[in-house]
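Have a look at the structure below before the remarks.
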Amino acid sequence: MSENTTANKPKNFIYEIIDEDLKTNKWGGKVCTRFPPEPNGYLHIGHAKSICLNYGIARDYNGKFNLRFDDTNPEKEETEYVESIIEDVNWLGTDFGDKVLFASDYFEQMYLWAVELIKKGKAYVCDLNADEIRASRGTLTEPGKESPYRNRSIEENLNLFERMKNGEFANGTKTLRAKIDMASPNFNLRDPIMYRIIHAEHHRTGNKWCIYPTYDWAHGNEDSIEGITHSICTLEFENHRPLYDWFLDQLGVHHPQQIEFARLNLNYTVMSKRKLLQLVQEKYVDDWDDPRMPTISAYKRRGYTPEAIRNFAEIVGVAKRDALTDISLLEFAIRDDLNKHTQRVMAVLNPLKAIITNYPDGKIEELEAVNNPEDPSMGSRRVPFSKEIYIEQSDFMENPPKGFHRLIHGGEVRLRYAYIIKCDEVIKNDNDEIVELRCSYDPETKSGTGTSKKKVKGTIHWVSVNHAIDVEVRLYDRLFTVENPGVEENWLSCINPNSLEVISNAKLEPFLRNAKKGERFQFERNGYFCVETKHATNDKLVFNRTVTLRDSWAKK
RNA sequence: UGCCGGGUCGUCUAAUGGUAGGACUACGCCCUUUGGAGGCGUCUGUAGAGGUUCGAAUCCUCUCCCGGCAGCCA
């Protein structure tokens with residue numbers, strides 16, 4: 001619980017607030033944070049930032065971190081979402097104690113507190129309908145008008161509120177409102193609604209309740225009940241803080257400090273749950289975990305690691321200014337992690353057959369290949385080499401541009417872990433398409449022998465034809481063609497039509513035959529890939545491309 | 001035209017009256033049996049105008065720009 005636990009970390013303004021609180025003993029040395037999702041959709045990378053922030057604070061200060069579902073609206077919430085959220089929060093590696101918490105477990109307490117406010121003359125039952133309330137709220141420049149029901153007696157309010165709870169009234173016919181100030185420049189203080197009548201089945205409380213607390217009334221109560229010290233939320237709640245404070249002050253209960261920070265926005269994607277839901281419902285993507293989505297489950301399926309996500313959260317930092325973060329920061333985080341930890345392997349995505357004419361028929365050599373040059377402890381493997389191999393179509397050019405380091409007609413290139421070969425002949429079909437290469441190899445140039453005097457500019461990967469396994473590979477690109485689709489009037493028209501490319505006949509070295517679902521590899525010179533966990537058949541392995549390798553040649 | 005926030009390299013983020021720094025990106029060089037990784041280097045920034053001060057990104061004033069707020073959503 002000391003400051004030096006964070007002494008070597010870069011501090012954001014929230015850490016500074018907490019340091020100061022510890023110094024002044026504001027909370028008796030306690031630090032308690034929470035992540036309070038509404039179970040109305042899947043978690044996305046922006047939520048991951050919030051989770052990392054809140055959990056990171058609890059961890060760094062030896063405090064406590066709660067996972068609490070803000071399930072106050074039965075019409076939008078589902079158990080499926082609760083389950084996915086728990087899974088994602090776990091996957092990120094947070095420790096939220098021995099149980100998951102729910103706002104719905106506090107409904108009784110909140111009801112009692114509402115009664116208390118009525119008794120203090122601070123809340124009243126209002127018979128205005130939604131339209132009438134909107135009409136009387138005023139505008140940006142004009143104050144609102146007080147409800148004609150604002151000055152009901154405490155007894156009448158108590159009676160009416162109980163009858164609301166008992167289900168005597170239809171949806172929308174009555175609300176419980178806080179009696180604050182209809183002339184406040186802050187709309188949130190113009191007699192905000194605390195309870196609305198919703199006759200709907202709640203995913204946890206069933207039909208026990210037909211009145212449900214609004215966010216404004218519920219949220220501070222939830223934080224208070226759990227003993228939260230720092231209630232961290234995003235900027236759009238800044239205007240709600242005075243109300244958060246007002247409720248807690250009226251109640252005289254534990255009063256956490258609300259602190260707002262700027263939510264994460266990533267370019268070339270959308271981050272609103274509403275939009276993500278629409279992408280799913282209208283089938284622009286597979287599902288919430290479609291690898292093109294910015295959801296946690298999608299990143300997981302695509303091959304991202306929790307470490308990379310956490311590191312990304314660290315890299316983007318925490319501040320109050322609005323930001324549109326470049327996706328390259330995320331890609332850096334995942335490459336950085338995968339580079340250090342993944343097994344290298346050779347895979348030819350778009351095969352072109354090459355026959356090494358002077359290599360003996362039927363001969364097979366088992367060549368040694370390093371598994372990970374970044375980590376010698378990962379050892380090496382044997383890769384079969386033979387007369388017929390596949391190389392990448394893009395590794396051969398008849399009319400190469402200046403600076404092309406790969407195979408050309410009459411030129412030489414090294415086959416990774418094998419020999420230097422020379423292209424002697426280009427075979428084409430009737431359509432003038434290259435269908436095969438005839439090459440010759442130099443036996444003196446075998447990899448690792450140190451006998452090669454030759455120097456070639458390029459090294460390309462390959463797979464032995466007779467040993468190759470056929471796999472499907474899915475290449476993903478950004479889901480949108482514009483940097484900030486979320487602000488476009490017709491954002492759906494900005495969807496990238498080429499965000500998914502399926503390659504059904506990629507060739508892999510046999511080492512991968514028994515790759516397990518979710519396993520990650522680097523396909524040398526191509527990128528990082530992982531075995532698909534969801535839509536894959538048994539007869540063929542399917543790989544998802546997590547991210548490409550940096551490619552300083554492709555950029556020209 | 002109301003209230004609340006916010007403006008620092010292309011992007012994200014530090015500097016809390018005392019040398020505007022880091023990461024990413026881009027570019028260049030070195031190295032390399034992955035055009036990967038790694039190493040080195042370069043470019044680019046305090047929204048504007050005044051003021052206070054020996055000294056201002058930081059404090060004051062005015063201006064400009066951006067975001068949020070008029071759900072019985074969160």
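Every value quoted in this text rests on a predicted model; they were computed, and no experiment measured them. Every chain is numbered from 1 and lettered A, B, ... according to where its sequence line falls, protein lines coming before strand lines.
- At a threshold of 4.0 angstrom between heavy atoms, the contacts of A:E142 with the nucleic acid are absent.
- Across every strand in view, B:rA74 sits unpaired, with no contact that passes the Watson-Crick or G-U test at under 3.5 angstrom.
- Counting atom types as modelled, A:R525 pairs no side-chain N or O with a base atom of B:rU34 as donor and acceptor under 3.5 Å.
- Side-chain atoms of A:R550 stay outside donor-acceptor range of the base of B:rU34, with no qualifying N/O pair under 3.5 Å.
- For B:rG2, the paired nucleotide is B:rC69, the pair qualifying as Watson-Crick or G-U wobble because both relevant distances are below 3.5 Å.
- The gap from the C1' atom of B:rG7 to that of B:rU32 amounts to 44 Å, rounded to the nearest Å.
- Here, B:rA14 and B:rU1 have their P atoms 31 Å apart, quoted to the whole Å.
- Looking at A:R204 and A:E77, no side-chain N of the basic residue comes within less than 4.0 Å of a carboxylate O on the acidic one, giving no salt bridge.
- Look at B:rG71: its glycosidic torsion is within 90° of 0, and that puts it in the syn range.
- In this structure B:rC40 sits in a base pair with B:rG28, meeting the Watson-Crick or G-U test at under 3.5 Å.
- Judged by distance alone, with hydrogens and angles left aside, the side-chain atoms of A:N186 form a donor-acceptor pair with the main-chain N or O of A:N239 at under 3.5 Å.
- At a threshold of 4.0 angstrom between heavy atoms, the contacts of A:F312 with the nucleic acid are absent.
- For A:N339, counting side-chain heavy atoms from C-beta on, the closest listed nucleotide (B:rG36, B:rA14, B:rU16) is B:rG36.
- Of the residues near RNA chain B, A:G458 and A:K320, the one whose nearest nucleotide (by heavy atom distance) lies more toward the 5' end is A:K320.
- Of the possible donor and acceptor atoms, none in the side chain of A:S380 sits under 3.5 Å from a partner among the backbone N and O of A:V370.
- Base contact: A:G403 has a heavy atom under 4.0 Å from a base atom.
- Classification of the A:F107-A:H202 ring pair by plane angle, with boundaries at 30° and 60°, yields perpendicular.
- Under 4.0 angstrom from either OP1 or OP2 of B:rG36 there lies at least one side-chain N or O belonging to A:S552.
- Here, B:rA15 and B:rA56 have their C1' atoms 13 Å apart, quoted to the whole Å.
- Counting heavy-atom neighbours within 6.0 Å of A:K422 NZ, excluding the residue itself, gives a total of 12 or less.
- A:R335 comes within contact range of no nucleotide atom at all, as no heavy-atom separation falls under 4.0 Å.
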- Task: Summarise protein proximity over nucleotides 63-74 of chain B in one line of letters, 5' to 3': B for base, S for sugar-phosphate only, - for none, counting protein heavy atoms closer than 4.0 Å.
- Result: ----SBSBSBSB
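- When both pairing distances are held under 3.5 Å, B:rA56 makes no Watson-Crick or G-U pair with any nucleotide shown.
- Nearest heavy atom pair, residue A:P443 against residue A:Y419, reads O-CE2, 3.7 Å.
- Taking 3.5 Å as the limit, the base of B:rU33 and the side chain of A:S447 contain a donor-acceptor pair of atoms between them.
- On the P atoms, B:rG22 is 14 Å away from B:rU44, given to the nearest whole Å.
- Of all nucleotides present, only B:rG22 satisfies the Watson-Crick or G-U wobble test against B:rC12, with each distance under 3.5 Å.
- Distance noted for atom C1' between B:rU16 and B:rC24: 26 Å (whole Å).
- Comparing the C1' positions of B:rC31 and B:rG39 gives an interatomic distance of 8 Å, to the nearest angstrom.
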